[in-house]
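Note sheet for the following structure.
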Amino acid sequence: MSREILRKCVLTLKEPGLCSRLFPLKGRITGDTRIPMRLSRYFMPILRDDPKEAEIVSHKLMLRAGMVRQEAAGNYSWLPMGFRVLKKIEQIVREEQDRAGALEVLMPTIQPAELWKKSGRYDAYGKEMLRIKDRHDREMLYGPTNEEMITDIFRQGVQSYKDLPRNLYHIQWKFRDEVRPRFGVMRGREFLMKDAYTFDVSREAGQHAYNKMFVSYLRTFARMGLKAVPMRAETGPIGGSDSHEFLVLADTGESGVFFDGDFHAMDWNKVEVDYDDVNAVAKLVESFTSKYAATDEKHDAAEFERRVPAPKRMTGRGIEVGHIFFFGTKYSEPLGCEVQGADGKKVAVQSGSYGIGVSRLVGGIIEASHDDAGIIWPEAVAPFQVGLINLKVGDAASDEACLKIYKALQAKGVDVLFDDKEGGAGGKFAAMDLIGLPWQVIIGPRGLKDGIAEVKNRKTGARENVALDQVVGRFTA
RNA sequence: CGGAGUGUAGCGCAGUCUGGUAGCGCACCUGCUUCGGGAGCAGGGGGUCGGAGGUUCGAAUCCUCUCACUCCGACCA
């Protein structure tokens, strides 16, 4: 299509039918975001050597696989491969929040200082808060969290106890000016976080809201292939009465952890419950909280020894990927967040806040799932499901067989990254192992003589010869 | 914020002590030969040596200031 026609189409409202004539919408537009990709057209600057600024394995691998690029300390650009993973993780978080009855909103990154002065945290937050002045010299800040703002939003929209309970969340970039950012996206200054806020009329209802989030977190992390152990946590500067951290076990974790070996036997994937069934939810939470699990901050050696038999005393390290708090009225009172009760009297709402470090999870998953060759993506968060390797670009039979499978996978909606670049086999294998797609389909003249492709599982390393016409079926069954 | 260190090509590094006009590996480009676990040969492109000031005939190298980044500690999704 010529530029001229395009411009006409865009600019000329006099011809309303032109656009649809030029761009007939025939069934293909479904909202499906799956995009097949040829490596020859992709942007994936992979590195052979570890960049020297990276210390831990996830940081090294993310840089080597071309997922991110550092712009400043704790501040990253997300390149196509990394961004796909980030989006997949974000979507799982979103789906599980929605399922638990939370409502998605989106608050701005920049907030006015007044709200924070009202809660008393403007001064308390200290230098971690990035403070900005606008052109009118008004004090603003780049939000490190959103309790103040969400409470204000809620207050303005809800007056009656009949409007409770409510749970509002958003997934938004935060900025905390950490003294020492490190470990890549695991401890950045700018980071993507899901934060949810619950509002309830009574202590009991608030507890149920907390429990629902607790369960949704178990499900969220399980879907990403992670076992995140809930541990009783300090409420820290944010304050509140009840709090749990969710930690992914990984040798490189920042916190030392002590926990009951029974957690290893528990099946996170079986976390299934009716969120409206208060007792069932409480019981499920109880089954996780009744076992000993604590970070080094909260660890009580005597209690550990009393409650856990010696062979089951597990110690290790963990990465905090989620943190939930029940506040009671700690924030609602100073901020005047009240509703009118059935008796006509105002009552401060019971609130809680619930965070998941979405961008941190990208690093956390790599920490928990990699080997010497590179990343091993769990299927649910993999940037592509299948890496299709043409071992001999230019060979007519190889080119044809690859293209056929590529298009067939594409037609079936399987995320596929097609390595159609020229190059030796070794480099292709190394690159594909590095970026860690769950499955590799390897096609070259040797196998084609017998009409077969090789299907390799990245995690187990298992290879299998599969007849060419069976390959696509392997990923669509 | 205390302590330690590093800035030289896209990435990893040498050269700095002892000043003389910038080099190696990988990556990239061209050609030929290769081609199932990071190939070979030949040719080629790319760096105002983090920045500013100073010393000197001459500075990546010496001096002063500055900026950035990394690591260890105290703090955090």
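A note on names: the letters A, B, ... follow the listed sequences, proteins ahead of strands, and every chain is numbered from 1.
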Which of B:C1, B:C71, B:A77 is nearest the side chain of A:E55? It is B:C71

If you look at every strand shown and take non-hydrogen atoms under 4.0 Å, does A:G357 touch a base, only sugar-phosphate, or nothing? base

What is the distance from CZ of A:F325 to C1' of B:C76, rounded to the nearest Å? 10 Å

CA sep, side-chain torsions, deciding dist, call: A:D195, A:Q172, side chain to side chain donor-acceptor pair (under 3.5 Å): CA-CA 8 Å; A:D195 40 326; A:Q172 178 63 293; over 6 Å; no

So with a 6.0 Å cut-off around CD of A:E400, is the heavy-atom count from everything else above 12? no

Considering only residues two or more places apart or on different chains, which pairs with a residue in residues 53-63 of chain A satisfy salt bridge (charged side-chain N to carboxylate O under 4.0 Å, His left out)? none

If you find the nucleotide of RNA chain B closest to A:E320 and the one closest to A:P51, which residue's nucleotide is nearer the 5' end? A:P51

Give one of base, sugar-phosphate or nothing for A:V321, where a contact means two heavy atoms less than 4.0 Å apart. sugar-phosphate

Separation of atom CD in A:E178 from atom C1' in B:U70, rounded to whole Å: 16 Å

Does B:G38 have A:F429 stacked on its base, where the ring centres are within less than 5.5 Å and the planes differ by under 30°? no

Counting only side-chain heavy atoms from C-beta out, which of B:C11, B:C75, B:C1 sits nearest to A:R182? B:C75

Phosphate OP1/OP2 of B:A74 contacted by A:R180 side-chain N/O (<4.0 Å): no

Closer than 4.0 angstrom, basic N to acidic O: yes or no for A:E190 and A:R176? no

With a 3.5 Å cut-off and just heavy-atom distances, do the side chain of A:D433 and the base of B:G37 make a donor-acceptor pair? yes

Does the side chain of A:S243 come under 3.5 Å of the side chain of A:H323 through a donor N or O and an acceptor N or O? yes

B:C75, B:C11, B:C1: which one has an atom nearest the side-chain heavy atoms of A:K127? B:C1

Sugar-phosphate, base or nothing in reach of A:G424, heavy atoms under 4.0 Å: nothing

B:C28 and B:C17, which share atom name C1', separated by this distance in whole Å: 35 Å

Only counting residues at least two apart or in another chain, list the ones meeting side-chain hydrogen bond (donor to acceptor under 3.5 Å, both in side chains) with A:T151. none

Looking at A:F191, does the NZ or CZ of A:K174 lie under 6.0 angstrom from its six-membered ring centre and within 45 degrees of the ring axis? no

Set of residues satisfying side-chain hydrogen bond (donor to acceptor under 3.5 Å, both in side chains) with respect to A:E90, sequence neighbours excluded: A:R94

Please report the distance separating the P of B:G25 from the corresponding atom of B:G43, rounded so that it comes out in whole Å. 13 Å

Which nucleotide, in any strand shown, forms a Watson-Crick or G-U wobble pair with B:G12, with both distances under 3.5 Å? B:C24

Indicate, with a heavy-atom threshold strictly under 4.0 Å, whether A:A54 touches base, sugar-phosphate, or nothing. nothing

Quick check: any donor-acceptor pair below 3.5 Å linking the side-chain of A:R463 to the base of B:G37? yes

Rounding to an integer number of angstrom, what distance separates B:U61 and B:U18 when you compare their C1' atoms? 10 Å

Name the pairing partner of B:A60, where a pair is Watson-Crick or G-U wobble with both distances under 3.5 Å, or state none. none

Paired with B:G43 by Watson-Crick or G-U wobble geometry, both distances under 3.5 Å: which nucleotide is it? B:C29

Between B:G50 and B:G31, how far is it from one P atom to the other, in whole Å? 36 Å

Report the residue (A:R64 or A:H59) whose heavy-atom-nearest nucleotide on RNA chain B is the more 5′ of the two. A:R64

Once you apply a heavy-atom cut-off of 4.0 Å, does A:A430 come out as touching a base, just sugar-phosphate, or nothing? base

Expressed in angstrom and rounded to an integer, what is the separation of A:L391 atom CG from B:U34 atom C1'? 15 Å

Value in whole Å for how far the C1' atom of B:C35 lies from CD1 of A:I442: 15 Å

What distance, rounded to whole Å, do you find between the two C1' atoms, one in B:A68 and one in B:G51? 10 Å

With sequence neighbours left out, which residue pairs that include part of residues 358-384 of chain A fulfil the salt bridge (charged side-chain N to carboxylate O under 4.0 Å, His left out) condition? A:E254-A:R360, A:D371-A:R458

Within this structure, what is the CZ-to-P distance between A:R48 and B:G25, rounded to whole angstrom? 14 Å

Roughly how many Å apart are B:C71 and B:C62, using the P atom of each and rounding to a whole number? 27 Å

Check the distance between B:C69's P and A:F183's CZ and give it to me in whole angstrom. 17 Å

From the candidates B:U70, B:G25, B:C75, the one with an atom nearest any side-chain atom of A:A73 is B:U70

Using Watson-Crick or G-U wobble geometry with both distances under 3.5 Å, which nucleotide pairs with B:C75? none

Distance check: side-chain N/O of A:Q70 vs OP1/OP2 of B:A68, anything under 4.0 Å? no

Once you round it to whole Å, what is the distance between P of B:U34 and CG of A:D395? 14 Å

Among the nucleotides B:C75, B:C35, B:C69, whichever has the atom closest to the side chain of A:K392 is B:C35

Return the pairing partner of B:A4 with a 3.5 Å limit on both distances, Watson-Crick or G-U wobble; otherwise return none. B:U70

Would you list the pairs meeting salt bridge (charged side-chain N to carboxylate O under 4.0 Å, His left out) in which at least one residue belongs to residues 459-473 of chain A, sequence neighbours left out? A:E454-A:R463, A:E464-A:R474

Closest non-hydrogen contact found for A:V85 with A:P383 is CG2-CD, 3.6 Å

Given B:G73, B:G37, B:A77, identify the nucleotide with an atom nearest to the side chain of A:M193. B:A77

For atom P, what is the distance between B:A42 and B:A27, given to the nearest Å? 16 Å

At 4.0 Å (heavy atoms only), tell me whether A:G188 reaches a base, stays on the sugar-phosphate, or touches nothing. base

C1'-based separation of B:G19 from B:C49 [nearest Å]: 14 Å

Taking a pair as Watson-Crick or G-U wobble with both distances under 3.5 Å, which nucleotide is matched to B:C35? none

Rounded to whole Å, please give me the gap between CZ in A:R189 and C1' in B:A77. 16 Å

So what does A:K456 touch, heavy atoms closer than 4.0 Å: a base, only the sugar-phosphate, or nothing? base

Scan nucleotides 4-7 of chain B against the protein and return all N/O pairs shorter than 3.5 Å with their distances rounded to 0.1 Å.
unit_1, atom_1, unit_2, atom_2, d
B:U6, O2', A:K52, NZ, 3.4

